[in-house]
Each structure stands twice: as structure tokens, then as C-alpha cells.
Chemist: 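Here it is, the structure in full.
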Amino acid sequence: MSDAKPFTRPKIPDGHAFRVTTRQKEITPGKFFVGYETTWEPIQKEVPYKTPKRP
């Protein structure tokens, strides 16, 4: 039982859903919780303002 390896956290693939991407953060030695990064795609497009036509 003395041949126990230190626990290493598995690499999780990126998660893709509708307008959301989740990535696992870098593994830092000595930390218990790795954490995840969530990126949201914008829902609305921003269009530059144009002056209306004059009558």
C-alpha cells in the first residue's frame, strides 16, 4: 500500500451548449478545487446608429 500515487485531477473537455462554453481552469498544485470558466456568447447584436433619412 505504500505505492499510492498522488491524486491528480483528470482533464475535462470543454463543454458546449447553446451560447455557453465552459472550460476547466488550470490545475494549480496544492489547491483542492480547480474551478471552471464560463463564457457566454452575446444574445443581441449591437448595430451602429445611423441618422434617419430626412423627409
Chemist: Could you name each residue pair satisfying side chain to side chain donor-acceptor pair (under 3.5 Å) that touches residues 37-53, not counting sequence neighbours?
Modeler: none

Chemist: Enumerate the residue pairs fulfilling side chain to side chain donor-acceptor pair (under 3.5 Å) with a member in residues 12-26, sequence neighbours excluded, ordered by first and then second residue.
Modeler: Asp14-Arg23

Chemist: Who else is in Ile12's hydrophobic cluster (ILVMFWY, side-chain heavy atoms under 4.5 Å, direct or via others)?
Modeler: Tyr36

